[in-house]
Amino acid sequence: MTIVTRFAPSPTGRLHVGNIRTALHNWMLARKAGGRFLLRIDDTDAERSREEYVEAIRADLSWLGLIPDGEERQSARLALYDAAFERLKAECRVYPCYETAQELDLKRKIQLGRGLPPIYDRAALSLSDGERAAKEAEGIFPHWRFKLDHDEAITWDDGIRGAQKFDPAQLSDPVVRRADGSWLYMLPSAVDDVDMGVTDVLRGEDHVSNTAVQIQMFTALGVQHPKFAHEALLVGSEGKLSKRLGSLGCDAFRERGIEPSAIVALLARLGTSLPVEPIADRKMLVESFDLASFGRAPARFDDEELARVNTAIVHGLPFEAVASRLPEGMDEAAWLAIRPNVEVLADVADWWSIVTGPLKAPAMEAEDKVFLLQAASQLADSGDDWRALTSALKDSTGRKGKALFLPLRQALTGRDHGPDMASLLPLIGVEESKARLQAAAN
Ligand code: GLU
């Protein structure tokens with residue numbers, strides 16, 4: 001059977017790092033099995049859903065390289081939900097309720113005050129036809145709840161959490177449809193998972209009790225439920241669910257110069273028993289993906305760790321992978337020379353402007369100035385061969401170590417540290433190098 005997974009964001013905001021992780025894992029699960037990864041836009045909440053977020057979700061997934069094999073959106077599928085609803089209604093698995101939000105709130109407060117769990121008391125189930133008609137005559141339209149079957153425990157074998165068991169009597173019958181006819185998330189999602197052929201639902205553990213309810217919905221609709229797996233939530237490095245993570249998304253990553261492959265490498269393994277490594281090769285990550293490696297403890301997201309993974313990935317990027325993002329004129333030799341000295345790709349521009357100049361001549365010690373003039377004339381013999389240059393200078397001046405190398409680096413680059421001079425010298429070129437040595441000696 002082909003594995004089908006789906007990522008189902010609500011377009012009520014930008015994707016954050018937690019959503020990105022869920023999307024990635026669904027993508028990996030599908031890729032590993034040679035299956036399909038679908039995007040489903042959960043936009044039944046017309047008031048809070050925005051087209052700009054739908055577009056941003058697509059753009060973010062594409063930037064991350066998580067390309068869906070298909071896309072659906074719930075607002076285009078309302079007829080399906082209607083049909084499922086009519087069917088459940090005919091079987092008395094949904095029932096109309098007339099309580100106002102305030103009445104429900106009051107009931108909950110009373111229950112909590114008595115130390116009872118705030119479970120809906122099913123009062124609406126005992127309304128007579130006449131009482132219902134009276135409500136509607138008053139202009140009060142019902143919202144609808146799904147009637148949980150209390151007869152049997154709800155169980156499933158969770159791909160991450162193992163055997164799960166819920167007592168349905170401990171859950172409220174969920175509202176599936178509002179009085180204005182609009183849908184809450186629960187039923188449409190189950191209907192879509194069936195219709196889209198979703199075989200594996202992988203989502204955050206905040207959905208565990210929804211799963212218990214949805215399993216009964218699948219049964220009520222007469223279909224087998226998909227496999228479920230719930231991953232532990234992502235927390236900040238301080239160990240708490242953080243507001244900051246809830247707004248940390250692709251824009252912020254891009255701004256910091258984080259490569260999509262670094263985000264993917266980190267999130268692929270965060271919270272698993274596999275080591276987080278700077279693996280840019282997605283095939284390798286996909287190969288090692290395994291729900292059995294997922295832990296139950298919250299996964300800690302650490303910005304510093306992301307920065308480290310990013311730098312390691314940048315250091316390994318081949319020229320072809322970055323060519324279009326490098327400064328004009330920068331070739332492979334320049335990339336390879338500069339690459340080990342940058343943390344993010346954008347840092348390349350600084351080094352490239354040092355290579356191409358113009359360079360402001362650094363202030364040098366008087367004793368070094370004579371040495372730099374010697375170096376300038378030595379270039380006529382050594383050309384751009386750094387080793388030939390420095391060994392000739394060593395012989396002729398008796399300088400070695402720092403006294404030999406540092407003034408040359410300072411005069412040629414204006415910096416104390418940086419890329420290997422043997423690679424830089426040919427990039428700067430003999431004429432320009434000579435001019436820089438002479439300028440620094442002035
Ligand atoms: N739209 C739901 C959410 O964003 C989808 C949850 C699910 O994966 O079923 O929470």
Side-chain angles (χ1 to χ4, degrees), residues 3-30 35-51 53-54 56-58 60-61 66 68 70-78 80-81 84 146 154 156 158-161 164 166 171 174-178 182-218 221 223 225-234 241 245-250 267 291 294:
I3 296 262
V4 181
T5 67
R6 82 324 189 254
F7 172 53
S10 305
T12 53
R14 294 292 300 262
L15 295 184
H16 57 70
V17 59
N19 306 137
I20 294 171
R21 176 169 169 255
T22 305
L24 171 65
H25 292 163
N26 276 286
W27 179 84
M28 294 175 91
L29 185 60
R36 286 161 53 76
F37 164 69
L38 305 177
L39 171 63
R40 189 182 77 209
I41 303 292
D42 281 5
D43 58 349
T44 53
D45 186 340
E47 223 157 88
R48 293 176 57 229
S49 297
R50 299 253 183 292
E51 206 50 35
Y53 294 133
V54 176
I57 288 167
R58 290 188 195 124
D60 285 348
L61 289 179
L66 308 179
E71 181 183 315
E72 298 290 347
R73 58 193 297 165
Q74 294 195 316
S75 56
R77 303 167 61 82
L78 302 179
L80 278 172
Y81 314 145
F146 176 74
I154 305 167
W156 76 93
D158 193 282
I160 293 171
R161 299 163 64 86
Q164 301 292 297
F166 274 80
L171 301 169
V175 177
V176 292
R177 197 168 197 179
R178 299 187 188 88
S182 65
W183 298 99
L184 281 108
Y185 148 76
M186 213 82 89
L187 182 63
S189 174
V191 169
D192 286 338
D193 286 340
V194 176
D195 186 70
M196 292 162 64
V198 172
T199 59
D200 291 70
V201 172
L202 170 56
R203 54 190 180 184
E205 67 180 11
D206 49 334
H207 284 288
V208 169
S209 63
N210 290 343
T211 294
V213 167
Q214 287 177 324
I215 282 181
Q216 283 212 353
M217 290 180 176
F218 287 109
L221 293 169
V223 292
H225 66 76
K227 285 196 207 159
F228 286 98
H230 296 85
E231 52 187 14
L233 298 183
L234 206 57
L241 276 177
L245 286 192
S247 59
L248 185 61
C250 291
L267 295 180
L291 287 183
F294 279 68

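Indexing begins at 1, ligand by ligand and atom by atom, following the structure's order. Below, each value reflects all heavy atoms present in this structure, side chains not excepted, and no hydrogens, waters or symmetry copies. Being a predicted model, the structure only gives us computed values, none of them experimental.
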Check each of Asn26, Asp193, Asp200 against Arg6 using the side-chain hydrogen bond (donor to acceptor under 3.5 Å, both in side chains) test, and report the only one that passes.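 Testing Arg6 for a side-chain hydrogen bond (donor to acceptor under 3.5 Å, both in side chains) against Asn26, Asp193, Asp200 leaves exactly one candidate, Asp193.
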Protein residue, atom and distance nearest to atom 4 (O) of ligand 1, heavy-atom basis: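 Looking at atom 4 (O) of ligand 1, the protein heavy atom closest to it is Ala8 O, 3.4 Å.
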Considering heavy atoms of the protein only, find what lies nearest to atom 10 (O) of ligand 1 and give residue, atom and distance to 0.1 Å.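 For atom 10 (O) of ligand 1, the nearest protein heavy atom is His207 NE2, 3.1 Å.
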Of all the atoms in ligand 1, which lie at a distance below 4.0 Å from a heavy atom belonging to [X]?
X      : result
Arg203 : 7 (C), 8 (O), 9 (O)
Asp42  : 1 (N), 2 (C), 5 (C)
Arg6   : 7 (C), 8 (O), 9 (O)

Step-by-step side chain to side chain donor-acceptor pair (under 3.5 Å) determination, Asp192 to Tyr81: CA-CA 9 Å; Asp192 286 338; Tyr81 314 145; 2.7 Å; yes
Between Gln164 and Arg161, is there a donor-acceptor pair closer than 3.5 Å when you use the side chain of the first and the backbone of the second?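 Here the side-chain-to-backbone pair exists.
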For Tyr53 and Pro11, work out which heavy atoms get closest and say how close.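 Smallest interatomic distance, heavy atoms only, reads CD1-O, 3.3 Å.
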Salt bridge check, Arg58 against Glu71: does any charged N sit closer than 4.0 Å to a carboxylate O?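 Answer for the salt bridge query: yes.
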Considering only heavy atoms, does Tyr185 approach ligand 1 within less than 4.0 Å through its side chain, its backbone, both, or neither?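 The answer is the side chain of Tyr185.
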